[in-house]
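Excluded from the calculations below are hydrogen atoms, water molecules and symmetry mates; all remaining heavy atoms, backbone and side chain alike, are included.
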Amino acid sequence: MKKNENIVWHNNKVSAEDRRRVLGQKGLVVWFTGLSGSGKSTIAVELEKLLNEAGRAVYLLDGDNIRHGINADLGFTDEDRNENIRRISEIAALFCDAGIITLVSFISPFRKMREFARERAGDENFIEVYVSTDFETCRQRDPKGLYQKDISHFTGKDSSYEEPLHPEIVLETVSCDPTQCAEIVREEINRREVESV
């Protein structure tokens, strides 16, 4: 994206470290990726509840919810999917800079856009969580009834999903229930925060 030469970055007097001191936590982006029906949102909802109960400042950005507002103008072509992830990457990075533990639950099918999200947040602030559930299991679960419909550009069916190559966490939802999965991710968040002290 070409930058406008008339736009100049305006520096703040409050740093990320200042915000961290006030909140008592480090901002993070926890990016859940996987097929529709894999369990991304279910796990993220559980994790948000666990973190909130532990007194953490946390916010969940869910793919379907975001498409009701800021991304309501986007469809499901590859170009629109990339723009969907570009926008949410920028938002997640801002939340992270504000010191919020930001949970992002988006199919995000393309590796290059997940890498873009990582770059925007900063590698040290990013946890990629691959919710690894095969297409057939997702089709059988079909919590939104999407697999029964004739939807064009449906990820995993007639639109590709590029599995993460080196995610920080892989969750196998066939053998791990949502609460157990959420605990696995919470342990990594706790480890990151301890290491950053």
Side-chain angles (χ1 to χ4, degrees), residues 1 9-34 38-66 69-71 84-108 110-132 163-173 176-197:
M1 178 180 294
W9 185 266
H10 187 83
N11 291 316
N12 299 356
K13 290 188 176 181
V14 176
S15 68
E17 186 60 37
D18 293 330
R19 288 186 282 274
R20 178 179 168 188
R21 189 176 60 253
V22 169
L23 286 174
Q25 70 178 44
K26 174 186 177 183
L28 289 170
V29 173
V30 183
W31 194 282
F32 292 86
T33 179
S38 62
K40 300 180 303 299
S41 294
T42 303
I43 296 165
V45 164
E46 283 296 318
L47 180 59
E48 182 184 34
K49 183 173 181 287
L50 288 173
L51 293 171
N52 178 264
E53 288 172 349
R56 305 296 186 86
V58 59
Y59 196 86
L60 170 57
L61 298 168
D62 181 80
D64 283 348
N65 294 352
I66 293 296
I70 196 167
N71 289 347
N84 185 38
I85 299 306
R86 188 195 70 77
R87 290 180 191 178
I88 205 63
S89 297
E90 297 289 356
I91 292 168
L94 290 171
F95 275 40
C96 179
D97 187 56
I100 308 297
I101 298 171
T102 311
L103 313 180
V104 180
S105 176
F106 279 64
I107 293 172
S108 44
F110 305 125
R111 288 187 194 111
K112 73 172 186 175
M113 294 311 296
R114 295 194 302 266
E115 282 306 309
F116 173 81
R118 182 184 292 274
E119 289 169 11
R120 295 303 297 132
D123 189 53
E124 70 282 1
N125 302 320
F126 194 87
I127 302 171
E128 185 176 35
V129 181
Y130 175 33
V131 184
S132 176
E163 293 183 6
L165 298 176
H166 306 290
E168 280 75 14
I169 298 173
V170 177
L171 300 175
E172 303 280 354
T173 62
C176 180
D177 71 37
T179 302
Q180 292 170 321
C181 289
E183 284 288 359
I184 290 168
V185 182
R186 180 164 73 160
E187 286 175 11
E188 175 63 15
I189 291 170
N190 290 342
R191 185 185 71 78
R192 289 285 186 106
E193 291 197 320
V194 168
E195 287 183 352
S196 70
V197 172

For the backbone of Glu124 and the side chain of Arg192, can you confirm whether one donor and one acceptor N or O come within less than 3.5 Å of each other? yes
Rounded to the nearest 0.5 Å, what separates atom OG1 in Thr102 from atom CZ in Phe126? 11.0 Å
Could you walk me through whether Ile43 and Thr173 pass side chain to side chain contact (heavy atoms under 4.5 Å, CB included), step by step? CA-CA 9 Å; Ile43 296 165; Thr173 62; 3.9 Å; yes
Is the shortest distance from a Lys or Arg side-chain nitrogen in Glu187 or Arg191 to a carboxylate oxygen in the other one below 4.0 Å? no
Asp18, Asn12, Asn11 screened by side chain to side chain donor-acceptor pair (under 3.5 Å) with Ser15, the one that passes: Asp18
Gap between atom CG of Asn84 and atom CZ of Phe106 - 0.5 Å precision: 5.0 Å
Nearest 0.5 angstrom please: Thr33 OG1 to Ile85 CD1, how far? 8.0 Å
To the nearest 0.5 Å, what is the distance between SG on Cys96 and NZ on Lys26? 7.5 Å
In terms of heavy-atom contacts, Val170 and Ser132 come closest through CG1-CB, 3.9 Å
Salt-bridge present (Lys40, Asp62; N to O < 4.0 Å): no
Non-hydrogen atoms of Arg19 and Val14 that approach each other most closely: NH1-O, 3.2 Å
For residues Phe116 and Glu90, determine if any side-chain heavy atom of one lies less than 4.5 Å from a side-chain heavy atom of the other. yes
Drop me the distance from Tyr130's OH to Ser38's OG, to the nearest 0.5 angstrom. 8.5 Å
Shortest non-hydrogen separation from Val29 to Ala121 and the atoms involved: CG2-CB, 3.7 Å
Any side-chain heavy-atom pair from Phe32 and Leu60 closer than 4.5 angstrom? no
Flag the pair Leu47 / Ile189 as yes when at least one side-chain heavy-atom distance between them is below 4.5 Å, and no otherwise. yes
Which of these, Leu61, Val185, Val30, Ile127, sits in a side-chain contact (heavy atoms from CB on, under 4.5 Å) with Leu103? Val30
Checking the side chain of Gln25 only, and the main-chain atoms of Arg56 only, is there a donor and an acceptor separated by less than 3.5 Å? no
d(Asn71 CG, Asn65 CG) to nearest 0.5 Å is 11.5 Å
Would you indicate whether the side-chain heavy atoms of Val129 and Ile184 approach each other to under 4.5 Å? no
Minimum heavy-atom separation for Leu50 and Arg186, please, with both atom names. O-NH1, 3.8 Å
With a 4.0 Å cut-off, would you call Arg111 and Glu128 a salt bridge? no
Are Trp31 and Ser89 close enough, and set up right, to give a side chain to side chain contact (heavy atoms under 4.5 Å, CB included), and what steps lead you there? CA-CA 10 Å; Trp31 194 282; Ser89 297; 3.7 Å; yes
Smallest separation among heavy atoms of Ala182 and Glu46, with atom names: CB-CB, 3.8 Å
Distance-minimising heavy-atom pair for Val104 and Ala92: CG2-CB, 3.9 Å
Would you call Ile70 and Ile91 a side-chain contact if the rule is heavy atoms closer than 4.5 Å? yes
Start with the C-alpha gap between Arg20 and Glu17, add the side-chain angles, then the distance that decides, and say whether salt bridge (charged side-chain N to carboxylate O under 4.0 Å, His left out) holds. CA-CA 5 Å; Arg20 178 179 168 188; Glu17 186 60 37; 3.8 Å; yes
